[in-house]
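Contents: one structure, followed by commentary.
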Amino acid sequence: MVAESLKALMLGIVQGVTEWLPISSTGHLLLLDSLLKLSLSAEAKELFLVIIQLASILAVVILYFSTLNPFSPSKDKAAKKSTYILWAKVLVATLPAGVVGVLIDDFMDTHLYRWEVVAAALFGYGVLYIFLEKGRWGTREKKVKQLGDISYRDALTLGLFQMLALVPGTSRSGSTILGGIIIGIERAVVAQFSFFMAIPVMAGASLLKLIKLGFSYTNDEYLLIGVGFVSSFIVSFFCIKALIAYVRKHDFSVFGYYRVGLAILVAVFFLGRGI
């Protein structure tokens, strides 16, 4: 059981890191799960993946609780109004992916969760990141430099870009940040807004999965799920802070190079196994 707990710990750590960096948590978990083979039933493994995603969301809520809480006694009337407006923009941004995701959820599970799709998305968007950041898109003056300056139109545009992440390997935060680069939003601002966009999208999707999967599992399975949850939460908390600090001084091109390298690694790994 110790060995299985270590595997669950590793998967939780990988989820915590890759969910918020624009490098695709799906690609990493696909590769790592093939290597580690966590001893869970098919249903319990799916629940495990849902729970570690919820842990990542909880980290965002706690880290930005003051920013996201419109009922904070420390906020005056204007600040509370600004918080409500922020939530309205977040909801506008989450509608496209939320609606389409519900409609094609079964199709994605059946046809898109394959290593070929993941590798292609990793590679394609990695190249696009490098191209945009090293070209005029990445170097031009940004029109949106603060969170409150994001308009409803910007929010909807980011939501449309987030729909790209319905293809495994694209990265939810990555597709949103990609949109931010194109429409001219400061990197740290679009990264932060992408964190907020994840709350309703991922929480809603996870709750649907929980209802579908149920809670009939063994104590050992619940233990492994708990280990993954705790490790994902802790790592997410620190990874979010680190990403915001990083992008205030650097662009996202390094993540593009990383994605291209990971795509090649995934392809070599699965082709080598004849899968």
Out of curiosity, [X] [atom1] to [Y] [atom2], how far, rounded to the nearest 0.5 Å?
X    : Y    : atom1 : atom2 : result
I177 : L132 : CD1   : CG    : 12.5 Å
L178 : L128 : CG    : CG    : 5.0 Å
L63  : F238 : CG    : CZ    : 9.5 Å
R259 : I23  : CZ    : CD1   : 8.5 Å
R140 : I182 : CZ    : CD1   : 8.5 Å
L32  : M10  : CG    : CE    : 7.0 Å

List the steps and the verdict of side chain to side chain contact (heavy atoms under 4.5 Å, CB included) for L243 and F255.
CA-CA 11 Å; L243 177 62; F255 301 114; 3.9 Å; yes

Using every non-hydrogen atom in the two residues, find where [X] and [Y] come nearest and quote the distance to one decimal.
X    : Y    : answer
P96  : V92  : CD-O, 3.5 Å
S171 : P22  : OG-CA, 3.5 Å
K89  : G148 : NZ-O, 3.4 Å
A263 : A119 : CB-O, 3.4 Å
L158 : G180 : CD2-N, 3.5 Å
L223 : S5   : CD2-OG, 4.4 Å

Check the hydrophobic clustering (I, L, V, M, F, W, Y; side-chain heavy atoms under 4.5 Å; chains of links allowed) and say if [X] and [Y] are grouped together.
X    : Y    : answer
F65  : L86  : yes
F252 : V144 : yes
V260 : Y258 : no
F131 : L122 : yes
L265 : L271 : yes

Count the heavy atoms belonging to other residues, nucleotides or ligands that lie under 6.0 Å from [atom1] of [X], then report whether that count exceeds 12.
X    : atom1 : answer
Y84  : OH    : yes
K80  : NZ    : yes
F229 : CZ    : yes
Y152 : OH    : yes

Is any side-chain heavy atom of [Y] closer than 4.5 Å to one of [X]?
X    : Y    : answer
F195 : I244 : yes
V230 : F233 : no
L262 : V266 : yes
V100 : L166 : yes
L38  : E4   : yes
I225 : F48  : yes
F193 : I185 : no
L11  : S231 : no

Aromatic centroids of Y64 and F196 separated by under 6.0 Å
yes

Report yes or no: does [X] contribute a side-chain atom to a donor-acceptor pair with the main-chain N or O of [Y] at less than 3.5 Å?
X    : Y    : answer
K75  : T67  : yes
S232 : G228 : no
R248 : R187 : no
R172 : S194 : yes
S72  : N69  : no

Cationic N near anionic O, under 4.0 Å, D154 to K143:
yes

I'd like to know whether L54 forms a side chain to side chain contact (heavy atoms under 4.5 Å, CB included) with L58, so could you lay out the CA-CA distance, the side-chain angles of the two residues, the decisive distance to 0.1 Å, and finally the verdict.
CA-CA 6 Å; L54 281 175; L58 182 60; over 6 Å; no

Just checking, any donor-acceptor pair under 3.5 angstrom between side chains of E19 and S236?
no

Do D220 and T218 pair up side chain to side chain, a donor and an acceptor below 3.5 Å, judged on atom types alone?
no

Evaluate the side chain to side chain contact (heavy atoms under 4.5 Å, CB included) criterion for residues D149 and V189: first the C-alpha distance (whole Å), next the side-chain angles of each, then the deciding distance (0.1 Å), finally the verdict.
CA-CA 10 Å; D149 294 336; V189 173; over 6 Å; no

